[in-house]
There are 2 protein chains.
Amino acid sequence: MKNYSKYPKYLVAVDCIIFGYDIQKKILKLLLVKRSFEPAKGSWSLAGGFVKEKESLDEAASRILRKLTGISNVYMTQSLTYGDTDRDPGARVISTAYYALTGISAIDYELVKDNGAHWRSVDDLPKLIFDHPRMVKKALADLQNLVKVKPVGFELLPEKFTLVQLQELYEAIYQKRIDKRNFRKKILSMGILEKLEEKEKETSKKGAWYYMFNEERYLKLDRNGFSFNLDVS
Amino acid sequence: MKNYSKYPKYLVAVDCIIFGYDIQKKILKLLLVKRSFEPAKGSWSLAGGFVKEKESLDEAASRILRKLTGISNVYMTQSLTYGDTDRDPGARVISTAYYALTGISAIDYELVKDNGAHWRSVDDLPKLIFDHPRMVKKALADLQNLVKVKPVGFELLPEKFTLVQLQELYEAIYQKRIDKRNFRKKILSMGILEKLEEKEKETSKKGAWYYMFNEERYLKLDRNGFSFNLDVS
DNA sequence: CCAAAAGTGTTTTCTCTACACCCATGT
DNA sequence: ACATGGGTGTAGAGAAAACACTTTTGG
């Protein structure tokens with residue numbers, strides 16, 4: 001082997017699994033698009049695109065997310081890379097999946113609509129192209145494991161949220177009921193939530209106290225060996 | 001967008017983080033090679049190579065591992081993909097990292113030597129090229145998380161092993177002492193080990209009973225909702 | 001008979017689970 | 001005054017942690 005010139009080159013893409021939580025309907029959703037080019041034009045697909053000359057994979061994923069939704073500064077993390085020879089019938093494409101977490105309300109609704117994108121409940125997805133179903137399945141499993149062990153659930157909620165809303169989020173992710181008292185005891189005992197002097201009054205007469213995630217507190221605890229853990233009954 | 005033709009193409013590689021456990025010395029090692037081509041010829045590197053036209057990423061990783069060590073049928077799993085624009089000074093290369101688990105004694109020693117490869121203790125690694133140090137760091141963290149939650153530790157041991165050896169393996173991975181009685185109680189209570197009527201007599205006069213991992217038993221338990229868990233004190 | 005490593009149980013502490021009623025308020 | 005959703009504590013079971021001595025056998 002002398003140098004790199006004799007080796008083949010391939011198209012390299014990223015595909016984004018964009019999770020959004022619908023706090024009103026209490027369901028976890030995925031942002032999907034109708035593909036605008038061949039092959040499989042018009043089919044449902046994850047948001048994706050090819051990696052440009054001057055950008056890293058991470059940057060490509062951020063660019064695609066931003067173009068579609070108008071948001072940046074979102075929790076986004078790399079999942080697997082899919083490289084089967086025939087995964088895309090158009091050409092050999094190596095695609096790295098990323099998944100992102102956001103609240104649905106944070107999204108620029110007009111932009112999403114203009115891009116032909118739609119939110120779909122994770123347990124009622126349309127048929128997706130290529131190996132995108134595998135990507136989604138893997139990302140969902142990753143997410144379920146991740147929220148147990150890192151405080152990323154808050155990324156799916158607005159900055160201020162009630163404990164009821166937080167619990168509903170976990171119930172939506174796990175697809176399972178959680179005991180209210182145990183959940184509150186556990187999450188509050190971690191000392192990473194801050195209670196505000198303000199109530200959410202839309203959904204009940206009594207109102208529910210707002211809380212915020214205190215990231216500095218979490219980081220400090222984490223450095224001192226504390227580990228976030230939210231296995232739920 | 002009409003088709004794929006106007007998008008750039010890149011070299012695509014895989015790099016293998018090959019973990020080996022030295023059961024005699026009780027240390028976790030990595031198989032490293034001296035790079036045989038420019039750039040950075042002669043430097044220490046992970047085993048890697050470019051992906052061929054007719055092979056998937058997984059197949060490329062298996063091929064590279066097999067060529068270097070002579071072994072197949074090894075536990076190997078995909079880690080992250082590294083795609084910074086300047087990660088390889090020779091050209092833009094997108095590289096997917098894989099990590100593999102094996103016992104050092106299972107390896108074809110001659111083949112390894114002929115390939116200029118060497119086993120190095122994970123806590124005494126030489127300077128590695130490019131972003132390979134990041135890859136190693138990430139793979140090590142992945143491994144530590146993985147062995148807690150999946151019975152992959154056995155992949156690093158010979159088929160027959162003693163409980164002492166199993167414990168020493170976990171101590172090497174975690175870099176931490178474990179209580180003997182609690183460890184044995186926990187692992188045996190899972191019911192996935194099979195005691196053989198045979199003792200290992202090299203390391204003590206009394207001898208220690210050999211055990212084997214019973215994979216079918218594990219898979220059955222796993223299907224029934226049991227989850228492997230080995231958080232150690 | 002002794003050195004060296006293997007093997008073995010019990011008590012205490014902590015964490016997890018199950019479970020039901022009172023509170024605040026808008027209408 | 002009542003309907004609606006928010007908020008709270010405790011007892012019992014089970015898991016994790018701490019801990020020290022006995023067994024075997026080759027030399």
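- Projected onto DNA chain C by closest heavy-atom contact, Arg181(A) and Lys201(A) fall at different nucleotides, the more 5' of which corresponds to Arg181(A).
- Going from atom NZ of Lys186(B) over to atom P of dA18(D) covers 12 Å, rounded to whole Å.
- For Gln175(A), the CD atom is densely surrounded, since the number of other residues' heavy atoms within 6.0 Å is greater than 12.
- Between the side chain of His118(B) and the backbone N or O of Leu32(B) there is no donor-acceptor pair closer than 3.5 Å.
- Lys199(B) places a side-chain N or O within donor-acceptor distance of the main-chain N or O of Lys206(B), the cut-off being under 3.5 Å.
- Annotation for Lys186(A): atom NZ counts as buried by contact number, over 12 foreign heavy atoms lying within 6.0 Å.
- Distance Leu163(B) CG to dA6(C) P: 10 Å, rounded to the nearest Å.
- What separates CD1 of Ile187(A) from P of dT8(D) is a distance of 15 Å, to the nearest Å.
- Atom NZ of Lys176(B) and atom C1' of dA17(D) are 12 Å apart (whole Å).
- Looking at Asn182(A), its side chain comes within 3.5 Å of the base of dA18(C) through a donor and an acceptor atom.
- For the pair Lys195(A) and Trp209(A), the cation sits on the ring face: its NZ or CZ lies under 6.0 Å from the ring centre, inside 45° of the axis.
- Judged by distance alone, the side chains of Asn229(A) and Ser227(A) never bring a donor and an acceptor atom under 3.5 Å apart.
- Shown are Phe154(A), Tyr211(A), Tyr21(A); of these, the ring-ring contact (aromatic ring centres under 6.0 Å, His included) with Phe161(A) is made only by Phe154(A).
- For Arg184(A), taking side-chain heavy atoms from C-beta onward, the closest of the listed nucleotides dA6(C), dG7(D), dT17(C) is dG7(D).
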Given side-chain hydrogen bond (donor to acceptor under 3.5 Å, both in side chains), test Ser56(A) with Asp58(A) step by step and report yes or no.
CA-CA 5 Å; Ser56(A) 65; Asp58(A) 291 0; 5.3 Å; no
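- Atom CG of Leu188(A) is separated from atom P of dG9(D) by 12 Å (rounded to the nearest Å).
- Using a 4.0 Å cutoff on non-hydrogen atoms, the parts of residues 204-211 of chain B near DNA chain D are Lys205(B), Lys206(B), ordered by number.
- Judged by distance alone with a 3.5 Å cut-off, a donor-acceptor contact links the side chain of Lys185(A) to the base of dT10(D).
- Stems are defined here as 3 or more consecutive Watson-Crick or G-U wobble pairs with pairing distances under 3.5 Å; those involving DNA chain C are C:1-27 with D:1-27.
- Remark: Lys160(A) qualifies as a cation-pi partner of Tyr210(A) under the 6.0 Å distance and 45° angle criteria applied to the six-membered ring.
- Both Thr203(B) and Lys199(A) lie close to DNA chain C; mapped to their nearest nucleotides by heavy-atom distance, the more 5′-ward contact belongs to Thr203(B).
- What separates CG of Asp179(B) from C1' of dT10(C) is a distance of 13 Å, to the nearest Å.
- For the pair Phe183(A) CZ and dA18(C) P, the computed distance is 16 Å after rounding to whole Å.
- We find that CD of Glu168(A) is positioned 15 Å from C1' of dG7(D), with the value rounded to whole Å.
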